[in-house]
Amino acid sequence: MAFAGLEGRVALVTGAARGIGEATCRRLLHERCSVVAVDVKGDLLAQSCAAMQGAVMPVVADISREQDCERMVAEAANQFGEVNLFVNNAGVIGPRLPITELPVEEFDRVHAVNIRGAFLALRAVLRQMQAQGKGGAVVNVASVGGLNAQPLSAAYGSSKRALIGLSGTAAHENGPHGIRVNAVCPGAVDTPMLAPAMNLPSVPAGAFKGLPLGRAADPSEVAAFIAYLLSDEASYQTGGVYPVDGGRTI
Ligand SMILES: NC(=O)c1ccc[n+]([C@@H]2O[C@H](COP(=O)([O-])OP(=O)(O)OC[C@H]3O[C@@H](n4cnc5c(N)ncnc54)[C@H](O)[C@@H]3O)[C@@H](O)[C@H]2O)c1
């Protein structure tokens, strides 16, 4: 299925080497976007992009570095002329520890990527979109962990809750520029992040039986909703915070 208004647009996706970011690149390529796939893991990114079909350009960048964020946008604009769509997806999971045992270095490491890095990437992209003067659409990838407090998740949960706040501010400020900004909150998604998020070496069979849909999401299911929010079919949706969680937050 094709969503209206995606064909021919230029999309920048962070955290693109695997998981939700990789699936989103694939979906947007399927929708005939040009895709700038950004990740800090160069080898993995090269492998993933080599297996994709369409106009995809890998850019190795660390979103926690201001200069990398500016460079990734400049490289995208040089290659494809502009940036129309942005998926602010790169993120890391922290150690599952109670607050009283959480080293400040771990708190800072998670926040450096999940909120400070997401801010730097968002700022660089919004400056580009505003300068282009043609509008745009952004999806920030938060988490159900940013909606509902969970134990042993101080750094991750607080970073994702902050990202939801940042997303709302960006929606306010950029509506007048024709740029829509939304946040998605995935629940359990079957990616390499899932087992560490559960503090387990692998995800046990039947782990998600208690959810209304009884299973974790495939990354493509999150990518489909992101693609919808980026498309013209979501033309009146901005400032939204959308769980994609198989009913977990009911
Ligand atoms: N998997 C889940 O269950 C789940 C649930 C809720 C939210 N999320 C969120 O979805 C997003 C994607 O998660 P995923 O499950 O695909 O994770 P993942 O670990 O499979 O992939 C994340 C990608 O981001 C990249 N990355 C990490 N730090 C980076 C940095 N500083 N600069 C550039 N790239 C960086 C990694 O190299 C990796 O390729 C994350 O923001 C995560 O918090 C995931």
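Just so you know, residue 1 is the first one in the sequence shown, and it goes up from there. Both ligands and their constituent atoms are indexed starting at 1 by order of listing.
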**Q.** Donor-acceptor pair between T238 and H172 side chains, under 3.5 angstrom
**A.** no
Q) Regarding N148 and Q150, is there a side-chain donor-to-acceptor distance under 3.5 Å anywhere? A) no
Q. Given the rule in the salt bridge (charged side-chain N to carboxylate O under 4.0 Å, His left out) test, do D232 and R9 qualify, once you have shown the distances and angles that lead to the verdict?
A. CA-CA 11 Å; D232 288 351; R9 298 265 166 90; 3.4 Å; yes
Could you tell me, atom by atom, which parts of ligand 1 come under 4.0 Å of a heavy atom of [X]?
X    : result
A17  : 39 (O)
G19  : 16 (O), 20 (O)
K160 : 40 (C), 41 (O), 42 (C), 43 (O)
L194 : 3 (O)
M193 : 13 (O), 15 (O), 17 (O), 19 (O), 42 (C), 43 (O), 44 (C)
V113 : 28 (N), 31 (N)
P192 : 20 (O)

Q. Can you list the steps and then say if L152 with N199 is a side-chain contact (heavy atoms from CB on, under 4.5 Å)?
A. CA-CA 10 Å; L152 312 182; N199 213 17; 5.8 Å; no
(Q) Using the rule given for side-chain contact (heavy atoms from CB on, under 4.5 Å), can you reason through T14 versus V87, listing the C-alpha separation, both sets of side-chain angles and the distance that settles it, and then say yes or no? (A) CA-CA 6 Å; T14 65; V87 185; over 6 Å; no
Residue and atom name of the nearest protein heavy atom (relative to [atom]), distance in Å to one decimal:
atom                    : result
atom 4 (C) of ligand 1  : G187 O, 3.8 Å
atom 16 (O) of ligand 1 : I20 N, 2.8 Å
atom 25 (C) of ligand 1 : D39 OD2, 3.3 Å
atom 29 (C) of ligand 1 : V40 CG1, 3.8 Å
atom 19 (O) of ligand 1 : R18 NH2, 2.8 Å
atom 22 (C) of ligand 1 : G91 O, 4.0 Å
atom 32 (N) of ligand 1 : I63 N, 3.0 Å
atom 43 (O) of ligand 1 : Y156 OH, 2.6 Å

Residue part near ligand 1, for [X], under 4.0 Å between non-hydrogen atoms:
X    : answer
A61  : backbone
A142 : backbone
E22  : neither

Would you say that more than 12 heavy atoms from the other residues, nucleotides or ligands in this model lie under 6.0 Å from the [atom1] of [X], or not?
X    : atom1 : result
R123 : CZ    : yes
L200 : CG    : yes
N78  : CG    : yes

Q) What heavy-atom pair brings A2 and E31 nearest, and what distance separates the two atoms? A) CA-OE1, 3.2 Å
With nothing but distance in play, are any N or O atoms of [X] less than 3.5 Å from an N or O of ligand 1?
X    : result
P186 : no
V189 : yes
A188 : no
T191 : yes

Q | Presence of salt bridge, R65 and D68, under 4.0 angstrom | A | yes
Q | Carboxylate-amine/guanidinium contact R215 E221, below 4.0 Å | A | yes
Q) Taking the minimum heavy-atom distance to atom 30 (C) of ligand 1, which of V184, D68, D62, N89 ranks first? A) D62
Q: Determine, stepwise, if the pair L163 / S167 fulfils side-chain contact (heavy atoms from CB on, under 4.5 Å).
A: CA-CA 6 Å; L163 181 57; S167 193; 5.6 Å; no
Q: Starting from the C-alpha separation in whole Å, work towards a yes-or-no answer on side-chain contact (heavy atoms from CB on, under 4.5 Å) for Q130 and H177.
A: CA-CA 7 Å; Q130 288 185 11; H177 296 279; 3.7 Å; yes
